[in-house]
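Accompanying notes for the structure given below.
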Amino acid sequence: MTRTLESLRNIGIIAHIDAGKTTVTERMLYYTKASHKMGDVDKGTTVTDFDPEEQQRGITIYSACVSFRWKDVNVNLIDTPGHVDFTAEVERSLRVLDGGVVVFSAREGVEAQSETVWRQADKYGVPRLAFINKMDREGADFSGTLDEIRKRLGANPVAIQIPCGVGPPHVANPFRGVIDLIEMRLLRFTPESQGSEVIADDIPPEMHDEAELWREQMLGQLFDYSNELAELVLEESPVPTELIRRVLREATVQRMIVPVMCGSALDHIGIQPLLDGVMYYLPSPADMPPVEGLDPRKTETKAVRKPNVDEPFSGLVFKILADKHGDLYYVRIYSGRLKANSRVFNPGKDKKENAAQLWHIQADRREQVPLAEAGDIVGVIGPRISVTGDTLCDSAEPILLESIQFPETVISMAIEPETSLERKKLGEVLEMMKRQDPTFRAHENEETGQTIISGMGELHLEVIKHRLLRDFNLDVRVHQPRVSYKETVSASAEAVGKCNRQIGGATLFAEAKVRVTPRDDNKPAHVFTNWFSEAAPARNAIATLLSSLKEHAEGGGLLGCPLWNCSIELLEYPLPEPIPTEVPLRIAAADAFNRVLEAAGVVLLEPIMAVEVTTPDDHLGDVINDLQQRRAIITSTQNRGVITVVDAEAPLAAMFGYSMAVRSLSQGRASFSMEPLKYGPAPAEVREGFL
Ligand code: GDP
Ligand code: MG
């Protein structure tokens, strides 16, 4: 199978949970013959959700990269999770994608998570297509969702299809196919063939005028991007299909527009045209700008690599899967060639790694390959020390690509091994899990002997707990999860810290002066100085003071929590002669740190979540009451027909078990999403409970 650069599509399907990503993916794999049977989310038989944990929950947790061929293109498809506890998975896949298919539910429209993911895709410059799914559902609204894409996402959607009919089979005019506005025909998908057979028909007469109007609107929206097209339309000459496709492609790749398609993945409607859309409108790696990074051999020197096989090899590890044949490293290759049985360089770790075997992964099969080239995504077996986000490159021409940024953890849980043998096993398993999932942290608390693991939300920790207990059979006691608190200062203050000790006849003496200032940046304390010295001993002393202050800020302030939302400045201060050694400097820094926090006063901060609940109107009152009892602040409520969307800011500490609660409040009809928003001051009762 040829895999030229122009024929490659590295895409991801991104959406709010339950919009239908997994179902769309399954259908794609089936129609492209990558999978022999049609999987079903509701029966737990899908291919991409191959982890038992996922099948049980019906959600996609670990994004897997699946390759298949559709007509003239090879598609590497990365299934991304919709649950916000797994935003990092989305982030890391966006980093390596060239294009995205955003799936919306025609009934729910643009939901909170779609908005978050949309902004992430903007950040990484990912061109997109939109697929409005679930057109077969009661209350499905194509134009309404299109409007929301425009208003809520600030995008420029261009409908290139419209639905023929809407809603389930029992209504008068049910959804039964899509009208292609480019070729002006109706596409139907026969149920007997599970949609494999696509029939192109004339547009039904009663829909003709409507289709014409939509087509005019589509062409009108493309005027700005092609004079040739605009002139043809204005002269009322026929506009060739190829021209429309070319203009759509260019404008999509430039991220000026988002072509919009529709269908029902469940009823097998609209998937093959969506695959055509991926082929026609989404970019190949050759359309993407060169990647930028740093030359690790020289400080502050930029390096770039064009998406070209003749450039030196560069790639990014974006996912690691533990596997019985050896860990599988998913690498996006940006330039050059990677050969099996070769050595590659990890410039971040300054170490060489083996690239022993290369694999192209299909959902349920894998194919070993001797070589992989620029633009491709490949599974590599052999590396040992690289972690997610690391660059791999040619050691003769190194480049360090920007690593993947992950958000802070907001929740943690204590684990106690029952025996010392278990402690050792636990340590090894956690190390391995940390390499796979960079948003997950684990450290041992020396005082209590407990291991503290932290993550992005309740579900995230629960999944980890299940893996420890079930997949690795560890004999450990797991405590209830609790939120990760931080602390900050309530005012600015300055203080001088001292070391003045007699040890073994010698006097250890040092002093340090610091200032703290509150900030509102929702970040760990910023430790810095403007103090500079030409003399090497003084320079070393300043570096020691700074690193010591930083360790204290991370280790915890007066309440024992990491210091947040403030800056700590090391002020210029006369250094005694001779310049103190490391030990007294560290003692002085610790003293200054404690004194300045006491002078400023500290405040306990708790994680505040952005919560969005979508509920049928009959349960709106109950949902709002419940939220208010959870100390939530309702920031907006928006009515959309029979459902209302409630946005709120709520402390995570009061949101434990919310998924159960919201289900029982609404008889299972409301859905919600939640993601870390900021750290805010905890009220007195929380602080008392904490201390
Ligand atoms: P994901 O969470 O985005 O991966 O969504 P899934 O593919 O798991 O689908 C969520 C639920 O919606 C499942 O119960 C699917 O059967 C259902 N579903 C998916 N697509 C459609 C559709 O087009 N129409 C209807 N009625 N249900 C759908
Ligand atoms: Mg899914």
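In this text, all values refer to a predicted model and were calculated from it rather than measured experimentally. Scope of the values below: all heavy atoms of this structure, side chains included, with no hydrogens, waters or symmetry mates. Every number for a ligand or one of its atoms is a count from 1 in the order of the listing.
Under the side chain to side chain contact (heavy atoms under 4.5 Å, CB included) criterion, A610 pairs with E675, L677, not counting sequence neighbours. The side chain to side chain donor-acceptor pair (under 3.5 Å) search around Y658 returns none, not counting sequence neighbours.
Of all atoms in ligand 1, numbered sequentially from 1 with element shown, those under 4.0 Å from a heavy atom of T23 are 6 (P), 7 (O), 9 (O), 15 (C), 19 (C). Of all atoms in ligand 1, listed by their number and element, those nearer than 4.0 Å to a heavy atom of S264 are 22 (C), 23 (O), 24 (N).
Residue L266 has at least one N or O atom closer than 3.5 Å to an N or O atom of ligand 1. In terms of polar-atom proximity, defined here as any N/O pair under 3.5 Å, A265 does make such a contact with ligand 1. Taking any N or O of G20, backbone or side chain, at least one lies under 3.5 Å from an N or O belonging to ligand 1.
Contact check for T25 versus L77: side-chain heavy atoms found under the 4.5 Å cut-off.
Ring orientation note: the planes of H460 and F440 are nearly perpendicular, at an angle over 60° on the 30°/60° scale.
With a 4.0 Å heavy-atom cut-off, ligand 1 is reached by the backbone of K21 and by its side chain too.
Crowding of D202 atom CG: a count of heavy atoms from other residues, nucleotides or ligands under 6.0 Å not exceeding 12.
Between K678 and E649 there is a salt bridge, since a side-chain N of the basic residue sits under 4.0 Å from a carboxylate O of the acidic one.
Ligand 1 lies out of reach of A15, whose nearest heavy atom is not under 4.0 Å from it.
Within the set V24, D18, T22, the minimum heavy-atom distance to atom 4 (O) of ligand 1 is found for T22.
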